[in-house]
Number of protein chains: 2
Amino acid sequence: MPAEASAPTGGGTQAQAGPDAAAAPGRRERVREATLREIKDNARRRLAAEGPSGVSLRAIARDMGMTAPGLYRYFSGLDDLLNDVRADLFHELSAAVAGAAGPLPEDDTDGRILASLRAFRSWALAHRAEFSLLFATPAPQDAPDPRVLEAGRGFAASFFSLFDRLLAERRIPLPADDEIGPELRERLDAFAAKTGFTIDNASYGALRVLMSCWVRLYGLVSMEVAEHMTPIMGDMEPLFEAELQDILSPAGVAYRASGQD
Amino acid sequence: MPAEASAPTGGGTQAQAGPDAAAAPGRRERVREATLREIKDNARRRLAAEGPSGVSLRAIARDMGMTAPGLYRYFSGLDDLLNDVRADLFHELSAAVAGAAGPLPEDDTDGRILASLRAFRSWALAHRAEFSLLFATPAPQDAPDPRVLEAGRGFAASFFSLFDRLLAERRIPLPADDEIGPELRERLDAFAAKTGFTIDNASYGALRVLMSCWVRLYGLVSMEVAEHMTPIMGDMEPLFEAELQDILSPAGVAYRASGQD
DNA sequence: CAGCTTTAGTGAACGGCGTAAAGCTTACGG
DNA sequence: CCGTAAGCTTTACGCCGTTCACTAAAGCTG
């Protein structure tokens with residue numbers, strides 16, 4: 001077994017004596033893990049401070065007291081690092097959205113949804129550069145990274161699963177299935193398949209409403225993060241709350257002012 | 001140097017004694033204007049082909065058979081060039097949106113609005129990189145350019161003025177003014193002031209509906225340009241048409257399928 | 001016409017970037 | 001104890017934006 005198994009990323013399988021030595025990370029890997037974190041932390045710092053274009057391998061290495069090529073032991077290049085950060089960010093965003101619903105009672109479906117949607121906005125505003133890294137239009141040529149795609153799918157799933165219970169309660173005044181054209185149904189089928197919904201527990205009408213919710217939330221928050229309207233409207237929070245009300249009412253969610261107001 | 005007018009293009013048209021010579025651009029400035037156009041055209045080409053990060057002064061200069069510092073006679077730097085392009089793009093986008101309504105009869109308010117909103121989407125999809133240059137989140141530190149701001153305001157004005165006639169016809173089932181909170185009213189006042197609306201010809205309810213339309217259209221098109229949903233939904237056109245219907249119905253616009261279907 | 005001034009453009013240079021190749025040092029595993 | 005691989009540095013190449021000193025031409029003016 002010593003012959004091969006020289007995986008580039010992590011060798012840790014040594015442990016000649018202990019049977020459960022797999023649990024022990026081993027000094028080597030602990031150090032490696034720490035360096036990896038340090039790299040990503042520095043990337044994040046620069047990202048938050050200067051935006052996506054401010055993240056450079058040379059600058060990160062400089063901050064860490066090493067040289068840029070050394071980072072290639074940890075990432076195959078700048079893009080790889082950025083994609084790794086993107087995946088992390090998607091997970092954090094998912095956690096923030098899910099976490100906001102956590103403290104509320106299980107049966108307060110409306111409250112949980114409201115809290116989660118507000119959490120999405122709050123996270124975006126507190127992490128503008130990170131948000132834009134996640135949702136920016138990619139350059140024409142570069143293919144999406146599988147880790148990012150996966151993490152993005154995870155976020156989508158966690159977002160839409162907010163509405164699971166709402167759908168189960170069946171109190172949504174949904175558009176009838178036959179109001180939805182055949183092409184759109186096809187698309188919604190594809191969407192449902194990839195996000196884990198089935199048309200059994202979510203009608204076409206429900207999926208349609210969910211998509212609409214997401215589109216409106218996304219549009220509103222994107223605009224606010226990009227400060228598109230800010231110069232002509234100032235603080236966007238009143239508009240957000242008003243939109244929130246409108247966005248959720250077709251889904252049968254009763255609006256309720258934010259708790260900490 | 002032989003005496004005069006050996007230019008192959010045949011210059012030397014204007015007399016030096018003409019009193020209204022101010023109207024004649026003068027050879028010098030014509031050449032300058034041409035070079036300026038060439039620079040911007042090359043920038044546009046690279047933008048469309050490789051995205052915003054593919055636009056570089058050195059590459060543009062190389063394409064034109066000159067060196068990068070020469071471009072500084074025309075722009076004060078890369079940012080300046082990009083901002084100039086951004087302003088142009090806003091004007092083009094405005095023209096595309098307005099132009100789509102042009103062929104339709106003046107009194108077909110609904111048709112004109114539908115055509116314009118579809119034109120916005122079409123333009124964005126046909127100019128992904130340009131769209132993302134216009135609407136991308138700016139880096140934290142860089143201040144917005146006044147030309148871009150002005151052009152952006154122009155676009156907003158041209159967009160919202162689509163609805164002028166609709167408002168005048170007063171057939172919108174608007175939310176009553178008193179359904180709108182005081183903070184939001186304040187924001188809508190600011191918005192109306194900067195876009196040329198007055199609360200006289202557009203109630204708070206109308207402004208509210210307009211904002212909602214824009215947010216939804218923007219969210220949908222941004223997602224489509226960024227190909228956020230494309231991997232899990234495929235072609236977004238059916239969703240766009242369905243959303244279009246929903247977006248415009250609170251504004252009292254009757255949906256109608258696209259003309260060229 | 002000469003002579004002066006303004007303009008367009010070049011060449012060299014500085015510092016920053018991503019990244020590839022080669023070499024050095026240290027720790028680990030047999 | 002020695003081979004080997006991991007971690008990291010040095011060097012180097014080719015991009016990038018931008019500055020500065022400079023030339024050559026064009027235009028204006030007396």
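Every chain is numbered from 1 and lettered A, B, ... according to where its sequence line falls, protein lines coming before strand lines.
Between B:Arg32 and the phosphate of C:dT7, there is no side-chain N or O to OP1/OP2 separation shorter than 4.0 Å.
The distance between atom CD of A:Glu29 and atom P of C:dA27, rounded to the nearest whole Å, is 17 Å. At whole-Å resolution of the value, CZ in A:Arg73 and C1' in C:dA22 are 12 Å apart. Atom C1' of nucleotide C:dC14 and atom CZ of B:Arg58 are separated by 11 Å, given to the nearest angstrom. Between the CZ atom of A:Arg30 and the P atom of C:dA27 there is a distance of 15 Å, given to the nearest Å. When rounded to the nearest whole Å, the span between CE of B:Met66 and P of C:dT7 equals 16 Å. Atom P of nucleotide D:dT9 and atom CG of A:Leu57 are separated by 13 Å, given to the nearest angstrom. The CG atom of B:Leu81 sits 14 Å away from the C1' atom of D:dT18 (whole-angstrom rounding). Counting to the nearest Å, the C1' atom of D:dT18 and the CD1 atom of B:Ile60 are 15 Å from each other.
A:His228 has its ring centre less than 6.0 Å from the ring centre of B:Tyr218.
By the 4.0 Å N-to-carboxylate-O rule, B:Arg121 lies close enough to B:Glu237 to be salt-bridged with it. Using a 4.0 Å cut-off between charged nitrogen and carboxylate oxygen, B:Asp84 and B:Arg147 count as a salt-bridge pair. By the 4.0 Å N-to-carboxylate-O rule, A:Asp88 lies too far from A:Arg44 to be salt-bridged with it.
Along DNA chain D, the nucleotide nearest B:Ser76 and the nucleotide nearest A:Ala68 are compared for position; the residue whose nucleotide lies closer to the 5' end is A:Ala68.
In this structure, the nucleotide among D:dG17, C:dA20, D:dC15 sitting nearest to the side chain of A:Tyr72 is C:dA20. Comparing C:dG11, D:dT11, C:dG18 against the side chain of A:Pro69 picks out D:dT11 as the nearest. Closest to the side chain of B:Tyr74, out of C:dT10, C:dA8, D:dC8, is C:dA8.
When heavy atoms are screened at a 4.0 angstrom cut-off, A:Thr67 is found touching base atoms of the nucleic acid.
For the residue pair A:Ser212/B:Arg216, the side-chain donor-acceptor check at 3.5 Å is satisfied.
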